[in-house]
Amino acid sequence: DRDQGWKETQRLEKDAQKDVNMAAAGFGAEHAARKADFDRDQGWKETQRMEKDAQKDVNMAAAGFGVEQAARTADFEREKAWKEAQREQKAKQSEFDMAKALF
């Protein structure tokens, strides 16, 4: 019986809160500030999207990055060849039998 009384009180309080005007209660300023922040963030995000889309159309080779990319590719190929030579040398050394060489 006590629980039902408590539930009824909660229901009445909830119904009474529905009539409260949040703007009149002082929450209007906070809401306006949040909305301004949200609008500013949305504008910034849209600007970022536009910049990213614009960058998709840029030809990196025409912008002068072709030379740098060619140098990087050459470095990569040189390192790849060196690593392969190291692997081959290691494979040759693993075939060498120390026991046979000494006796």
Q: Carefully, step by step, assess D39 and K35 under the rule salt bridge (charged side-chain N to carboxylate O under 4.0 Å, His left out).
A: CA-CA 6 Å; D39 290 341; K35 183 169 178 6; 3.3 Å; yes
Does [X] come within less than 4.0 Å of [Y], counting only side-chain N to carboxylate O?
X	Y	answer
D41	K45	no
R34	D37	no
E68	R72	yes

Nearest-0.5 Å distance that lies between atom [atom1] in [X] and atom [atom2] in [Y]:
X	Y	atom1	atom2	value
K80	T73	NZ	OG1	10.5 Å
Q4	T9	CD	OG1	11.5 Å
E46	Q48	CD	CD	10.5 Å
Q86	E79	CD	CD	12.0 Å

Q) Going by heavy atoms in the side chains, are Q93 and Q89 under 4.5 Å from each other? A) yes
